[in-house]
Structures are given as C-alpha cells and as structure tokens.
Amino acid sequence: MRKYRIPTGGFAAFNDHCAAQRSLEQGTPPFVIKADGLAAGKGVFVCETREQARDAVERMLKAGEFGEAGKRVVIEEYLEGPELSILAVFDGKDYRLFAASQDHKRAFDGDTGPNTGGMGAYSPIPWLDHALSEKIRIEIIEPTLNGIQAEKISGAGVIYFGLMITADGPKVLEYNCRFGDPETQVILPLFKGDLFEVLYEATGSNLESVDFENSSDSCACVVIASGGYPGPYKKGHRISGLDRAAAGSG
Ligand code: GLY
C-alpha cells in the first residue's frame, strides 16, 4: 500500500515481543493490534487501553494463540468511521464489482463487544453515493489491481477490500483473497449473473465476455452465534425454524 500510495492507517510490524511492547509504551491508545497472517477475520483487536494492547500482543507473539498467523503482529493507527466491504472479481487485468456491503464487526448491541468475524451485513449501503464510490475506485481499487499486475503477482479470483471511511477519506483496513463472511450472504443474492461462469472466465483472463450485474434490491443478514463467541463457545446446539424463515416472502 505504501509503495502504490494506497490510503491506509499508519502501521509498524513486529516479530519481536519486546520491540512490540516498547512501541506500545511510546504510542498513545487506542491501538489496533492485528495478527499479520490469516485468522478467519478474527485476528484484529481494537484496544482502548495500553493494557488491552499489551495483552493482545502477548497472546499473539508470546502465547502463540494465533499460531503462524500471529507470529508477526501489526500495530496500527486507530481509525474512525463507518466500514464497508467491496468485493471484486479480478481476472489478472480486468475486474468487476459486487454490490458494496456493510459488515458489523463487534459483538453485542451498540457495538460494545469484541471484534468478531462479523455479526451481520447488509447491502446496498444507502450513504455510499456515486462520488464516494468513484473515489474508492480511483484511489483504492484500481491502484491495488494495477499494483498486483506491476508486481507480477499472478492469480485470479475474488479480492476483498475492507475499507473505512474516515474524515480523511476512504482507507484500506485489510485485503482478503476470498469472499467475505457474512458479506457474501448479502451480495450473492443480489448478483444477477452466473457465478460459476464469472469465476471460470476470471481464471482465463476473460471477464469481459461475461454478464455481470447486481440488482438494486436490498439484502440483510443477521448472525446468531453461540454465547461466548468470538471466544470459546459451546457447539452442537440445534438450529430450528429455518423452514419458517425460508417460507417468508423475499
Ligand atoms: N467479514 C469479514 C471477513 O470476511 O473478513
């Protein structure tokens, strides 16, 4: 992101526990602590106090709770603003965008709990107007995809842009080379094309041959999680009532 001038929060990365803790002593809370590897969307801690940040760093770099993903830790500037997720299909040169969606990361009513993989999502986003969409495309999406090509990183598929709209404009919080959960639950019902064909043609650098259209309908998803999530929780509860949900209109 630095190399391609893609807007993101200030950050420093650490493999060494002492160096990371020293950096926390010098900084001012709140901090964002991230496992630098894949953690299924659960490797981010938003820490209001230095104590919480110390604990998160310790869990990753000392206790090894996040395995390989937590062997390198990113301490990042705390950004404020609404988040949104944009998922693109990229074929190595060309791209198409699914409808933008908004994920709700924190557990509990009023966003008072820890960050989770996502407690729900909806699409489209009423406040995402044309001007902001264009800014995101010009400042973030295209420089990212151009950067991938310039770095000669081969590959095709879905690229997930996790963004925050700050007072300084849109900034990247994270990328993922996968669909988002629960974003996918709201963007795929709105997608009007043939998903198999899109992904298949993306692998052959041939996205231009496919129809790609998102409907202007709305879609919402609510996650019901077992008590304790995103920490340890009881598994095996029976889920019932899906037939009644499916019988509802829309
Ligand atoms: N909803 C967050 C993610 O899929 O990473």
Side-chain angles (χ1 to χ4, degrees), residues 1 6-9 11 13 32-47 56 59-60 65-70 72-74 76 78-90 95-125 127-128 136 140-141 144-145 148 155 157-166 170-191 195 198-199 202 214 218-226 228-231 233:
M1 284 187 273
I6 297 163
T8 187
F11 66 92
V32 179
I33 310 293
K34 293 180 171 178
D36 196 33
L38 290 175
K42 300 182 193 71
V44 179
F45 293 87
V46 180
C47 305
R59 286 175 63 188
M60 291 178 195
E65 273 183 49
F66 292 77
E68 279 299 309
R72 200 166 110 109
V73 161
V74 176
E76 200 172 88
Y78 176 83
L79 300 174
E80 267 186 299
E83 285 186 44
L84 64 95
S85 309
I86 296 188
L87 279 75
V89 183
F90 183 51
Y95 70 95
R96 298 285 183 278
L97 300 179
F98 290 104
S101 59
Q102 191 175 39
D103 178 13
H104 292 262
K105 305 290 297 175
R106 285 184 164 219
F108 310 150
D109 290 346
D111 285 340
T112 50
N115 251 29
T116 70
M119 297 309 302
Y122 70 87
S123 175
I125 302 173
W127 47 263
L128 179 62
I136 291 170
I140 293 176
I141 292 171
T144 300
L145 301 179
I148 289 174
V158 173
I159 303 186
Y160 169 122
F161 296 79
L163 309 178
M164 183 173 271
I165 311 303
T166 72
K171 296 197 178 184
V172 177
L173 298 181
E174 61 170 339
Y175 295 113
N176 290 300
C177 294
R178 57 163 172 79
F179 279 97
D181 176 14
E183 291 92 331
T184 306
Q185 287 89 305
V186 296
I187 61 171
L188 286 190
L190 298 179
F191 176 61
L195 183 66
V198 165
L199 297 178
N214 300 302
S218 302
C219 202
C221 162
V222 178
V223 172
I224 302 174
S226 191
Y229 176 80
Y233 54 88

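Counting starts at 1 for both ligands and their atoms, following the listed order.
Those atoms of ligand 1 that come under 4.0 Å of a heavy atom in G117, given as number and element, are 1 (N), 2 (C). In the vicinity of R178, heavy-atom distances shorter than 4.0 Å reach the ligand 1 atoms 3 (C), 4 (O), 5 (O). Near E183, the atoms of ligand 1 lying under 4.0 angstrom from a non-hydrogen atom of the residue are 1 (N), 2 (C), 4 (O). Residue-ligand proximity, N176 to ligand 1, at heavy-atom distances under 4.0 Å covers atoms 5 (O). Taking every non-hydrogen atom of G180 and a distance limit under 4.0 Å, the qualifying atoms of ligand 1 come out as 4 (O).
Between the choices D103, L87, L173, the shortest heavy-atom distance to atom 1 (N) of ligand 1 belongs to D103.
Residues passing the side-chain hydrogen bond (donor to acceptor under 3.5 Å, both in side chains) test with D111: none are found, sequence neighbours excluded. For Q185, the side-chain contact (heavy atoms from CB on, under 4.5 Å) test picks out D181, P182, C221, with sequence neighbours left out.
Interatomic distance, CD1 of I224 versus CE of M119, reported as 9.0 Å (0.5 Å rounding).
Judged by distance alone, the side chain of Q102 and the main-chain N or O of E83 form a donor-acceptor pair under 3.5 Å.
F66 and F45 have their aromatic ring centers within a separation under 6.0 angstrom.
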